[in-house]
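Below is one structure; the comments refer to it alone.
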Amino acid sequence: MGNDKDKLVLIDGNSIINRAFYALPPLTSSNGLHTNAVLGFTTMLLKVLEEEKPSHVLVAFDAGKVTFRHEGYSEYKGGRQKTPPELSEQFPLLKELLQAFSISQFELAGYEADDIIGTMAKLAAEQGKSAIVVSGDKDMLQLATDEVSVLITRKGVSEVERFTPASIGEKYGLTPAQIIDLKGLMGDASDNIPGVPGVGEKTALKLLHEYGTVENVLQHVEEIKGKLRENIETNQDNARMSKQLATIYREVPLEFSIEDVAWKGYESATLAAAFRKLEFKNLSERLNLGAADEAMEAESAETASHYEVVRVEEAGWGVLTEAFPVAEAVLVDSVGDNPHQSEGIGITIVAGAKCYVVPYALLSDKEAKPLVAWLEDAGAPKISYDLHRVELILARSGITLRGQSFDVQLAAYLLDPTEADPSLHGLLQRYKLAPILPDEAVYGKGAKFRLPSGEELAKHLAAKAEAVRRLQPHLAEQLEELGMHRLYYELEQPLSIVLAGMEKQGITVNADALRELGAEFQRRLEETTEAIYASAGFEFNIGSTRQLGEVLFERLGLPVLKKTKTGYSTDAEVLEKLEPHHEIVRLILHYRQLSKLQSTYIEGLLKEIRPETGKIHTFYRQTIAATGRLSSQFPNLQNIPIRMEEGRQIRKAFVPSEPDWTILAADYSQIELRVLAHISGDDGLKEAFLKEMDIHTKTAMDVFGVQADQVDANMRRQAKAVNFGIVYGISDWGLSQNLNITRGEAAEFIEQYFLAFPGVRRYMTDIVERARNDGYVTTLLERRRYLPEIRHSNFNLRSFAERTAMNTPIQGTAADIIKLAMMHMNEALIERELRSRMLLQVHDELVFEVPADEVELMKKLVPEVMGSALKLDVPLLAEVSFGSNWYEAK
DNA sequence: GCTATCACG
DNA sequence: ACGTACGTGATAGCA
């Protein structure tokens, strides 16, 4: 009867989904559902289907809570933690997905998945079919026969180990049947199976190699010596019962036959839909479902919204005349990440039922004049995507973009700043609108990047531009609904224009000064390298952490204090502790410092200086940081060295762009702690700032209970760390690490702090509570950050979310404030017709270049504007300084 | 492409 | 008991 090609795959659903849940990082779909366990399960499933090519597949689940095992032993599985909600909500998802795979599933009240599988495996063997059992549970090994092999997952679910009677014999020296005896002796803590106390795998194996079965061990117990014998004798019943509990029952009354679980493959469209719902993009691509599915969907979106693609190069420039008056959205696509260098691809205008596509290169044509005029027309409103970038790209073609009315990327960032995929394709998915092809699918990625033919390209550009139009009303409505209307229209969107202005302006950097400094670094780098080789007695690549680790910890035998995922840790924290052990450590620290300066700051910055102007143009990203801060790229000008004198010299190269001008820098004093004083309303903290006390000294007085004159430098240093800790979302462990003190001491500092500033304690408790209730936290200007993991059952993830809940309103409100200050500064400069220019923002600092005759005015104006950016219950103080370069402005 | 490291606020 | 301070970006080494 059995066809000899028949092969059954029997999967222990509960076991695999559990393994997957704990093996994969938490993942949520855009609607907040946890999907990591389903993803892990599916990865494993696809692998098994691919490799085994089964004719029959069954996934078995445990049903309910009580099984026949409880009848004899009520504590069975008693010690097990209850299933976390993040996992239980994934069971229905998995069952639905299995349906999409057309795979049979089964559960039966009173029985566990392994009993169902054991019964099926037995049936299969009786019918001469082979079977593969898949589980994370080694108990299953008892089912192995010549016809039944068992796959046990390891390292999560990505890899499996295949067991046959032979390999079980090799690995354990046991027959499959003896696996039950093994469990009987060892027990299983996770199932609350007792076994024999004091008997682990090693002892159990030794006993079984000698006596074969639990029963035989019990019979010959008098031959065993000492404590072990005592344990076995007093636990005879436990051992017998444990063996019984571990035995898989193979007579489950199944109402179906093997033929009912035949598997003939899945239907692509159904599976594609299921993957889309779960947002399993990679899997979809892997199975080549993605392309077909999305092309189909994209097609239908195009027909559904009835737009026509007009290629201006074919239809002629004249067609644009009818477009401008009714134009709604414009898309400027480009190649490359750096907008100061990227090449434009095309400009697409959506107007009514038509999308007009203009290849970017045609922008320099004479006939493009009306298009340029439209782009520069402040009276022509433009909805777009990443307006900030567009403005920079157009600027390089001599075009000043005006009439910016809405940016879907920026709006989407405000609505959820942590969402990873900012692409139009991703946004459509998030807002459940008809999809378009992702850029990757059209352009390819990495080395395979290429622009498609005019026709195909035009179609894609049109689809993107039209997607912008479709997204806009949804986003605008959401902003309104969440009370983020003003944040968007009055702050972020106009700020993007100010940022573009700063970036276009750029900052002059003296290349010769950098090169000179670099030559000095180079000399010392070579010196240090020689010294390191001499100290080690041989040469190696100091920059390779792997080689360095071998040298320090294997050849020189230094103590290993910390490990990374891949080997020894050699970071500065470790090296500082190793300094007294060997002179080489100090040299390596010095080498590290120098090579960082040389590669990132000397060579890195030199590469970014435009030879024509001597300037560096950074690119501020407004849609990256989860807290609302800006970030800076190509190069990053927000991390120019300052803390160490050697690195600080780099700042001498940042100079004014015109002779006799001055660099003026102004930074907020303690802005985050002032924000904390305001939002917590703590009286003591507020008073400290109202009196303009030194906040770290004040904290030291309260934490150590001393007078101001008794605060020494060390106490102040520790108090400063406490203040940092408070802002970061305090934890005793974090503080103890930072200060190199015990956790208990750190906890004591924190307690003293909270006693002195009870309002701050109240804020910390309240904000976490609010985040738990609302699922998000906000800043003073209603900037929002969602924290789904604050309700997670995993301690680490939850704690992280709690610290984030404490920190984000503080860091985010500080970001709100300096953004306001930038807007007001920009207005003030224009209004007063000043020539001074705002060049850089470094989170709590603004850098300007100022002509000599404006220095006195700016020294007053800048701190005034910064200090009054937002009215708080405590004063906002900005300190100003200036000099002939950024180094001098300190 | 990923990991470890280190620069800044 | 659990094991991390909050937020970024650039570089070199290595697979």
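Lettering of chains follows the sequences in order, A, B, ..., and the numbering in each one begins at 1. Values below: all heavy atoms of this structure, side chains included; hydrogens, waters and symmetry mates excluded.
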When the [atom1] atoms of [M] and [N] are compared, how many Å lie between them, rounded to an integer?
| N | M | atom1 | answer |
| --- | --- | --- | --- |
| C:dA1 | B:dC6 | P | 33 Å |
| C:dG3 | B:dC8 | C1' | 26 Å |
| B:dA7 | C:dC2 | P | 32 Å |

Could you report the tightest heavy-atom contact between A:His581 and A:Leu558, atom names first, then the distance?
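Here A:His581 and A:Leu558 meet closest at CB-CD2, 3.6 Å.
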
Which pair of heavy atoms, one from A:Ser342 and one from A:Val335, lies closest together, and at what distance?
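For A:Ser342 versus A:Val335, the nearest heavy atoms are CB-O, 2.9 Å.
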
Compute the centroid of each ring, for A:Phe749 and then for A:Tyr753, and state whether the two points are separated by less than 6.0 Å.
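For A:Phe749 and A:Tyr753, the ring centres are not under 6.0 Å apart.
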
Please find out if less than 6.0 Å separates the ring center of A:Tyr620 from that of A:His388.
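Not under 6.0 Å, so no.
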
So, does A:Ser631 get its side chain near the phosphate of C:dG7, meaning an N or O under 4.0 Å from OP1 or OP2?
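Answer no for this pair, as no side-chain N or O of A:Ser631 is under 4.0 Å from OP1 or OP2.
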
Under 4.0 Å between a side-chain N/O of A:Arg803 and OP1 or OP2 of C:dC6, yes or no?
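So the side-chain polar atoms of A:Arg803 do come within 4.0 Å of the phosphate oxygens OP1 or OP2 of C:dC6, strictly under.
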
Taking the side chain of A:Ile624 as its heavy atoms from C-beta onward, which of C:dG9, C:dG7, C:dA5 lies nearest to it?
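For the A:Ile624 side chain, the nearest candidate turns out to be C:dG9.
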
Candidates C:dG13, C:dA12, C:dC14 - which lies nearest the side chain of A:Arg546:
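Closest nucleotide to the A:Arg546 side chain: C:dC14.
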
With sugar-phosphate meaning primed atoms plus P, OP1 and OP2, does [X] contact a base, only sugar-phosphate, or nothing at under 4.0 Å between heavy atoms?
| X | result |
| --- | --- |
| A:Ala626 | sugar-phosphate |
| A:Asn796 | sugar-phosphate |
| A:Ser799 | nothing |
| A:Ala721 | base |
| A:Gly725 | base |
| A:Asn541 | sugar-phosphate |

Within-4.5 Å side-chain heavy-atom neighbours: [X] and [Y]:
| X | Y | answer |
| --- | --- | --- |
| A:Ser881 | A:Leu664 | no |
| A:Tyr668 | A:Glu845 | no |
| A:Phe754 | A:Ile730 | yes |

May I have the distance from [X] (atom [atom1]) to [N] (atom [atom2]), rounded to whole angstrom?
| X | N | atom1 | atom2 | result |
| --- | --- | --- | --- | --- |
| A:Ile767 | C:dC6 | CD1 | P | 16 Å |
| A:Phe800 | C:dT4 | CZ | C1' | 8 Å |
| A:Leu548 | C:dC14 | CG | C1' | 15 Å |
| A:Leu630 | C:dG9 | CG | C1' | 14 Å |
| A:Phe634 | C:dT11 | CZ | C1' | 14 Å |
| A:Ile602 | C:dT11 | CD1 | P | 13 Å |
| A:Gln622 | C:dT8 | CD | P | 15 Å |
| A:Met764 | C:dC6 | CE | P | 13 Å |

Any strand: nucleotide that pairs with C:dA1 via Watson-Crick or wobble, under 3.5 Å:
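Pairing partner, where one exists within any strand: none, as none qualifies.
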
Any strand is fair game: report the nucleotide pairing with C:dA12 by Watson-Crick or G-U wobble, both distances under 3.5 Å, or none.
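Partner of C:dA12: B:dT3.
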
Ignoring hydrogens and angles, answer whether the base of C:dG3 and the side-chain atoms of A:Arg743 contain a donor-acceptor pair closer than 3.5 Å.
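Looking at the base of C:dG3, it does pair with a donor or acceptor on the side chain of A:Arg743 (distance under 3.5 Å).
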
Per-nucleotide protein contact string for nucleotides 4-9 of chain B (B base, S sugar-phosphate only, - none; heavy atom under 4.0 Å):
SSBBBB

Would you mind telling me which of A:Arg546, A:Lys562, A:Glu554, A:Glu550 makes a side chain to side chain donor-acceptor pair (under 3.5 Å) with A:Tyr568?
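Of the listed residues A:Arg546, A:Lys562, A:Glu554, A:Glu550, the side chain to side chain donor-acceptor pair (under 3.5 Å) partner of A:Tyr568 is A:Glu554.
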
Over 60° means perpendicular and under 30° means parallel, so classify the ring planes of A:Phe21 and A:His792, tilted if in between.
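A:His792 vs A:Phe21 ring planes: parallel.
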
